[in-house]
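Atom set for the values below is all heavy atoms of this structure, side chains included, hydrogens, waters and symmetry mates excluded.
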Amino acid sequence: MISPLAHIHPDARLAPGVTVEPFTTIAADVEIGEGTWVGPNVTIMAGARIGAHCQIFPGAVVSAIPQDLKFAGEHTTAHVGDYTVLRECVTVNRGTVDRGRTVVGAHCLLQAYVHVAHDCVVGDHCVISNAVQLAGHVQVGDWAILGGMTAIHQFVSVGAHAFIGGGSLVRKDVPPFVKAAREPLTYAGVNSVGLRRRGFSEQQILEIQDLYRIVFLSGQNTQEALARIEAEVPASTQRELAVAFVRAASRGIIKGPGKKGLDEGAD
């Protein structure tokens with residue numbers, strides 16, 4: 001059902017079964033998939049690519065231009081995957097020439113007042129709690145959970161299955177499978193509860209704990225820790241994902257408990 005009180009540009013492409021409630025505005029160059037519900041007072045701007053069976057709540061703005069002074073009006077997009085929920089007043093800006101798109105994956109929940117800036121890439125099955133703010137170019141892996149009022153610095157990466165406690169200031173990369181909390185942000189163990197919920201075995205969780213003990217608790221620098229992991233921890237998908245993430249962390253990774261962060265200077 002499309003309300004007669006909604007304003008939809010004739011060039012917008014809405015699949016069958018889309019619902020648009022009153023006082024919503026949908027611009028040209030917008031695509032919305034089958035069965036998606038767009039609530040009242042939503043603004044969907046040019047470049048939005050919204051999947052099937054999504055829910056978009058009042059006050060949300062999808063695909064506004066980037067808040068980036070370098071943006072010169074280039075054609076870019078903002079993508080929202082299937083079955084994703086955008087709660088009240090969520091904002092998802094479209095990309096810049098750097099990546100060309102901003103992406104929020106499928107089966108995600110973005111709670112009220114979340115901001116996803118230009119060129120971010122959020123994976124599938126993520127939960128981003130109330131008032132989380134993602135600066136430009138942030139990457140968030142699949143199944144990550146970000147606690148409320150967390151702020152993430154531009155170009156930071158958060159690994160798959162990571163959990164970040166509420167109110168955190170995230171200035172460094174957060175590796176996959178870990179919990180991070182405190183100020184400054186610190187390794188707080190492996191996200192074992194979340195991993196069990198997602199079907200990881202106890203053996204897999206123990207192996208993840210072993211490798212992060214080496215990274216965060218051994219006193220070795222990053223390169224020494226990675227070499228030791230590859231020598232001592234059995235090969236697995238989890239090991240390769242963690243090692244590749246830490247090795248690629250251009251901003252450095254978060255601190256271990258009671259010690260200076262690995263290969264990182266002052267913020």
For the residue pair Y187 and I253, establish whether any side-chain heavy-atom pair is separated by less than 4.5 Å. no
Heavy-atom side-chain proximity of P257 to L217 below 4.5 angstrom: yes
So with a 6.0 Å cut-off around CZ of F245, is the heavy-atom count from everything else above 12? yes
Would W143 and V174 show up in the same hydrophobic cluster when neighbours are defined by side-chain heavy atoms closer than 4.5 Å? no
Please check: side-chain N/O of T76 versus main-chain N/O of G47, any donor-acceptor pairing under 3.5 Å? no
Could you give the distance from NE2 (H161) to CG (L241), rounded to the nearest 0.5 Å? 8.0 Å
Would a line drawn from the ring center of W37 to the ring center of F57 be shorter than 6.0 Å? yes
Could you go step by step and tell me if V20 and L14 meet the side chain to side chain contact (heavy atoms under 4.5 Å, CB included) rule? CA-CA 10 Å; V20 182; L14 277 59; 3.9 Å; yes
Residue pair P175 / Y212, side-chain heavy-atom distance below 4.5 Å: yes
Heavy-atom pair of closest approach, residues T96 and P66: CG2-CG, 3.7 Å
I need the D173 CG to I152 CD1 distance, nearest 0.5 Å. 10.0 Å
For the residue pair F177 and F200, does the interplanar ring angle fall in the parallel (under 30°), tilted (30 to 60°) or perpendicular (over 60°) class? perpendicular
Any H7 side-chain heavy atom under 4.5 Å of T25 side chain: yes
Taking Q111 for its side chain and V90 for its backbone only, find out whether a donor-acceptor pair lies under 3.5 Å. no
Does a side-chain N-to-carboxylate-O contact under 4.0 Å join E183 and R171? yes
Less than 4.5 Å apart, side chain to side chain, heavy atoms only: is that true for D68 and N93? no
What I'd like to find out is whether the side chain of I65 reaches to under 4.5 Å of the side chain of R94, using heavy atoms alone. yes
Looking only at heavy atoms, the pair that brings G51 and T36 closest together is O-OG1, 2.7 Å
Tell me if a side-chain donor or acceptor on T186 pairs with a main-chain N or O of P184 at a distance below 3.5 Å. yes
State plainly whether one hydrophobic cluster holds both V215 and I164, where clusters connect Ile, Leu, Val, Met, Phe, Trp and Tyr through side-chain heavy atoms under 4.5 angstrom apart. yes
Donor-acceptor contact present, side-chain T77 to main-chain A48, <3.5 Å: no
Using 0.5 Å steps for rounding, measure from the CG atom of L211 to the CD atom of E207. 8.5 Å
One should read off an interatomic distance between Q203 CD and L206 CG, to the nearest 0.5 angstrom, of 5.5 Å
Could you walk me through whether V138 and V170 pass side chain to side chain contact (heavy atoms under 4.5 Å, CB included), step by step? CA-CA 11 Å; V138 166; V170 186; over 6 Å; no
Would you check if L195 and Q204 make a side-chain contact, meaning some heavy-atom pair closer than 4.5 Å? no
Exceeds 12 heavy-atom contacts within 6.0 angstrom, atom CZ of F71: yes
CA sep, side-chain torsions, deciding dist, call: R251, V156, side chain to side chain contact (heavy atoms under 4.5 Å, CB included): CA-CA 7 Å; R251 290 188 55 81; V156 158; 3.6 Å; yes
Under the side-chain contact (heavy atoms from CB on, under 4.5 Å) test against L134, which residue among V121, T102, V116 passes? V116
Hey, is the main chain of T19 close enough, under 3.5 Å, to the side chain of E21 for a donor-acceptor pair? no
Taking atom OG of S129 and atom CD1 of I145, what is their separation to the nearest 0.5 Å? 7.5 Å
Distance check, rounded to the nearest 0.5 Å: S236 atom OG versus Q238 atom CD? 4.5 Å
Does E74 reach the main-chain N or O of V97 with its side chain, forming a donor-acceptor pair under 3.5 Å? yes
So, H115 versus T91: side-chain donor-acceptor pair below 3.5 Å or not? yes
Hey, any chance V85 and V18 share a hydrophobic cluster, counting ILVMFWY side chains that come within less than 4.5 Å of each other, even indirectly? no
With the side chain counted from C-beta on, respond yes when H137 and R99 share a heavy-atom pair under 4.5 Å apart, and no when they do not. yes
Is the shortest side-chain N to carboxylate O distance from R13 to D29 below 4.0 Å? yes
Answer yes or no: is there a donor N or O on one side and an acceptor on the other, between the side chain of N130 and the main chain of G148, under 3.5 Å? no
Over all heavy atoms of both residues, which pair between A135 and A117 is shortest? Give the atoms and the distance, please. C-CB, 3.5 Å
Is there a donor-acceptor pair under 3.5 Å between the side chain of S168 and the backbone N or O of A181? no
Distance-minimising heavy-atom pair for E34 and A15: N-CB, 3.4 Å
Looking only at atom types and distance, does a side-chain atom of D142 sit under 3.5 Å from a main-chain N or O of A160, one as donor and one as acceptor? no
Steps toward side chain to side chain contact (heavy atoms under 4.5 Å, CB included) verdict (V30, H9): CA-CA 9 Å; V30 168; H9 193 282; over 6 Å; no
Residues two or more places apart in sequence or in another chain: which of them pass side chain to side chain donor-acceptor pair (under 3.5 Å) with N191? none
R228 pairs by salt bridge (Lys or Arg N to Asp or Glu O under 4.0 Å) with which of E224, E232, E230? E232
Test of understanding: clusters of I, L, V, M, F, W, Y form through side-chain heavy atoms closer than 4.5 Å, transitively. Do Y83 and I50 belong to the same one? no
Any donor-acceptor pair under 3.5 Å linking the side chain of S63 with the backbone of A46? yes
Indicate, with yes or no, if F23 and L86 share a hydrophobic cluster defined by side-chain heavy-atom contacts under 4.5 Å among Ile, Leu, Val, Met, Phe, Trp and Tyr. no
List the atom of D124, the atom of A106, and the distance in Å for their closest heavy-atom pair. OD1-N, 2.8 Å
Restricting to non-hydrogen atoms, name the atom on V233 and the atom on R239 that form the minimum distance, rounded to 0.1 Å. O-NH1, 2.8 Å
